[in-house]
There are 2 protein chains.
Amino acid sequence: MNDILKADLNALKVLDVLLDECSVSQAAKRLHVTQPSVSYTLQKLRDLFDDPLFVRNPRGLTPTSRAESLRPAIKQLLSDAQQLIAPPVFVPEEAEFTLSVSANDYLQIALIVPLVQRIRALAPKVKVALFDLDSKAAAERVRGGELDLMLSFPQALPADFSSEELFTDPYIAAARQGHPLADQQASAESFLGYDHVIVSPTGFAFEGGLFRDLHHSPLLDKVAVTLPNFAVLPSLLAASDLIAMIPRRLLSVMSGPLSEVKIAATMPSITVAAAWHPRLDHDLAHRWVRNLLRAEALLA
Amino acid sequence: MNDILKADLNALKVLDVLLDECSVSQAAKRLHVTQPSVSYTLQKLRDLFDDPLFVRNPRGLTPTSRAESLRPAIKQLLSDAQQLIAPPVFVPEEAEFTLSVSANDYLQIALIVPLVQRIRALAPKVKVALFDLDSKAAAERVRGGELDLMLSFPQALPADFSSEELFTDPYIAAARQGHPLADQQASAESFLGYDHVIVSPTGFAFEGGLFRDLHHSPLLDKVAVTLPNFAVLPSLLAASDLIAMIPRRLLSVMSGPLSEVKIAATMPSITVAAAWHPRLDHDLAHRWVRNLLRAEALLA
DNA sequence: AAAAGATATAAAAATGAACGATATCTTGAA
DNA sequence: TTCAAGATATCGTTCATTTTTATATCTTTT
């Protein structure tokens with residue numbers, strides 16, 4: 001049996017040219033090799049197909065009927081191969097895929113929402129599936145190919161993932177519009193004169209990134225309320241004189257009008273990164289999304 | 001630009017196995033080469049596709065999205081290639097082509113007619129185009145691919161054609177049924193007592209194969225009629241007491257009932273051969289026809 | 001009769017692929 | 001913790017195959 005594993009597929013490229021030229025010499029010219037080289041390859045082809053393929057005529061070669069019958073299939077095969085190795089192109093307007101992203105609620109609001117708007121404007125057929133972030137499970141789902149992207153803090157990202165830092169956002173203090181300290185330069189005393197609310201998934205355990213910087217800060221003693229996420233923060237602030245520490249980017253995009261409380265102290269900040277499986281490093285669609293994400297991160 | 005002439009198509013066979021195994025080591029086992037060899041080919045593939053194709057994981061390799069997207073096309077391509085190099089098969093029942101044959105009228109009657117019957121019985125979709133023989137023009141038409149086969153005498157066939165002798169047929173003497181000499185052993189005298197008719201395309205010039213052997217034969221003096229072909233011979237014989245010299249095979253297949261006139265003299269004979277362009281030597285359909293022709297020639 | 005132009009062949013050179021040994025990394029087990 | 005197992009990548013070296021140069025052979029053409 002004539003097995004493909006034994007066959008030299010590269011010889012088919014020579015056969016293709018031979019079919020065009022019907023001349024070993026001319027084919028050699030076109031292939032930029034010498035005539036004996038093509039003659040040698042022709043021998044291999046004759047062996048492979050168990051057919052002379054070409055018989056001599058005064059001016060070169062006449063293809064056998066087998067060679068003629070091979071012609072269309074050879075052309076098709078090489079054209080397919082050319083397609084195969086051609087660099088892939090990504091056309092946003094026509095791209096059709098689902099992007100699955102996991103992010104905490106801060107990043108959902110501050111980054112993903114505007115990202116989705118950009119995506120929908122440029123690539124209307126692309127769907128986006130957004131998931132809350134559960135770091136441990138998320139990493140596994142990235143590994144399994146269920147998730148394309150996870151957004152979190154650099155420390156929370158698996159080391160074997162590809163990742164990219166997006167931006168660093170300083171915390172600011174915020175309160176309801178009309179709050180006594182709103183839009184003012186507040187002193188430390190007046191700032192600590194109000195009770196505070198902080199988003200802390202672990203409650204008063206205060207574990208996680210932000211709280212490293214605030215470890216023995218007097219601020220923590222003034223925290224009266226902790227929230228698991230930013231969702232209800234606007235309405236809580238609106239209905240009280242509580243002051244919240246939030247990343248700056250949330251100030252403008254969070255629903256409900258809030259004011260900044262300016263204080264002299266240098267505030268901690270959080271750095272945000274995107275991570276994905278290295279398998280997607282060169283994926284054109286994925287790279288396109290990452291470019292959009294990077295552009296969005298650079299704004300404001 | 002990534003040109004197919006530069007690409008090593010054989011590497012695609014390795015990529016195919018790699019996509020199956022997701023392991024350089026396993027792929028190497030399946031390919032019966034060493035692991036570094038596959039690793040080396042993988043490098044070439046990475047270069048060719050400008051993509052890592054696989055990233056490492058604890059147990060081997062994880063394909064990139066590009067590699068995954070390549071998978072179906074690779075499978076298809078290799079399957080096509082396998083088809084391409086697979087030995088061709090010829091199925092008479094389904095074969096669909098036109099066989100163009102040129103032969104003199106003797107062979108048309110004695111060989112081609114039964115051949116057509118065989119062909120029609122075995123390969124109902126095959127058409128046969130029959131042409132009278134004009135050796136010079138026929139050879140050119142064979143060379144040009146218009147004719148698939150020419151049947152003639154070995155001397156009349158171009159030397160650069162492939163050819164095969166089919167049979168040798170002795171001349172016999174024939175006359176109408178009821179002729180005084182019919183079915184008898186005739187003496188030379190009684191045989192020469194009748195006028196004769198002979199097929200001689202050149203008339204009384206008596207040129208050609210048969211007449212070499214009869215050059216100074218007294219028979220030629222008794223020839224009263226010459227015919228350009230065998231077509232009208234039966235009716236001429238039926239309507240006269242003429243005796244004809246015809247190849248034995250014509251006796252049974254020629255229309256109109258004829259009887260043999262047996263004579264003691266050793267008769268000349270003609271040898272018949274088929275010729276075709278060497279390009280068709282390995283053509284399966286052509287070989288099938290030649291086999292039928294050979295089988296038919298062996299009969300009677 | 002020789003010159004031109006074609007393919008095939010032979011020996012030598014050069015290229016490229018496969019090998020064995022080894023480095024490096026990760027995982028899983030003692 | 002350490003060690004063994006198992007994975008890919010890398011490094012020279014060896015070996016096989018392709019390519020080249022040179023030549024033979026055949027046919028056509030001048």
Side-chain angles (χ1 to χ4, degrees), chain A residues 5-15 17-48 51-64 67 139-140 143 158-162 277-279 281, chain B residues 5-15 17-48 51-64 67 139-140 143 158-162 277-279 281:
Chain A
L5 289 176
K6 291 277 178 191
D8 178 8
L9 297 188
N10 291 322
L12 298 181
K13 295 185 284 194
V14 177
L15 177 53
V17 177
L18 276 171
L19 280 167
D20 281 356
E21 300 290 339
C22 283
S23 156
V24 171
S25 308
Q26 296 307 311
K29 281 204 186 87
R30 248 182 62 180
L31 292 165
H32 301 108
V33 293
T34 58
Q35 171 264 322
S37 173
V38 174
S39 182
Y40 173 74
T41 306
L42 178 54
Q43 276 188 66
K44 286 202 309 180
L45 286 163
R46 284 170 166 157
D47 211 49
L48 173 62
D51 185 283
L53 296 177
F54 296 89
V55 296
R56 297 192 58 161
N57 72 25
R59 284 212 289 280
L61 299 175
T62 303
T64 66
E140 275 321 299
R143 244 179 278 273
D160 60 332
F161 281 11
S162 295
H277 196 279
R279 157 175 27 95
D281 278 355
Chain B
L5 289 176
K6 291 277 178 190
D8 179 8
L9 297 187
N10 291 323
L12 297 181
K13 294 184 285 195
V14 176
L15 177 54
V17 177
L18 275 170
L19 280 166
D20 282 355
E21 300 290 339
C22 282
S23 155
V24 172
S25 309
Q26 296 307 311
K29 280 204 187 85
R30 247 182 60 180
L31 292 165
H32 301 106
V33 293
T34 59
Q35 172 265 322
S37 172
V38 174
S39 183
Y40 171 70
T41 306
L42 178 53
Q43 276 188 67
K44 286 201 309 179
L45 286 163
R46 285 170 165 156
D47 211 48
L48 173 62
D51 185 283
L53 297 177
F54 296 89
V55 296
R56 297 192 57 160
N57 73 24
R59 283 213 290 280
L61 300 176
T62 303
T64 65
E140 275 321 297
R143 244 181 279 273
D160 60 332
F161 281 12
S162 296
H277 195 280
R279 157 176 25 98
D281 278 356

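Order of the sequence lines fixes the chain letters, A, B, ..., with proteins taken first and strands second; residue numbering starts at 1 for each chain. All heavy atoms count here, side chains included; hydrogens, waters and symmetry mates do not.
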Query raised in the report: Between atom CG of A/L18 and atom CG of A/L12, what is the distance when rounded to the nearest 0.5 Å?
Result: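 Here the rounded value is 11.5 Å.
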
Output a table of donor-acceptor pairs, distance under 3.5 Å, between side-chain atoms of residues 35-42 of chain A and any protein atom two or more places apart or on a different chain; print 'none' if there are none.
from, atom 1, to, atom 2, distance (Å)
A/T41, OG1, A/S37, O, 3.1

Pairing residues for [X] by the side-chain hydrogen bond (donor to acceptor under 3.5 Å, both in side chains) criterion, not counting sequence neighbours:
X	value
A/T62	A/N57
B/R30	B/E21
B/N10	A/D8, B/K13

Query raised in the report: Under the criterion side chain to side chain contact (heavy atoms under 4.5 Å, CB included), which of B/V55, B/L53, B/V24 is the partner of B/L61?
Result: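 Single side chain to side chain contact (heavy atoms under 4.5 Å, CB included) partner of B/L61 among B/V55, B/L53, B/V24: B/V24.
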
Query raised in the report: D/dT8 C1' sits how many Å from B/L53 CG, rounded?
Result: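 B/L53 atom CG is separated from D/dT8 atom C1' by 15 Å.
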
Report task. Heavy atoms of chain B, cut-off under 4.0 Å: which first and last nucleotide of DNA chain C, 5' to 3', fall inside that, if you could look? Result ->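 Taking any atom under 4.0 Å from a heavy atom of chain B, the span is C/dA17 to C/dT27.
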
Report task. Would you check if the side chain of B/R143 reaches a backbone N or O of B/F161 as a donor-acceptor pair within less than 3.5 Å? Result ->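 No; zero donor-acceptor contacts below 3.5 Å.
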
Requested in this report: Check whether any side-chain N or O of B/R46 sits under 4.0 Å from OP1 or OP2 of D/dT8, and answer yes or no.
Outcome: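 Checking D/dT8 against B/R46, no side-chain N or O comes under 4.0 Å of OP1 or OP2.
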
Report task. For the residue pair A/F54 and A/L19, establish whether any side-chain heavy-atom pair is separated by less than 4.5 Å. Result ->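 When only atoms from C-beta onward are counted, A/L19 and A/F54 do touch, with a gap below 4.5 Å.
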
Requested in this report: Under 4.0 Å from any atom of DNA chain C, heavy atoms only: list the residues of residues 29-45 of chain B that qualify, in numerical order.
Outcome: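 Within this stretch, B/V33, B/T34, B/P36, B/S37, B/Y40, B/K44 sit under 4.0 Å of the strand.
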
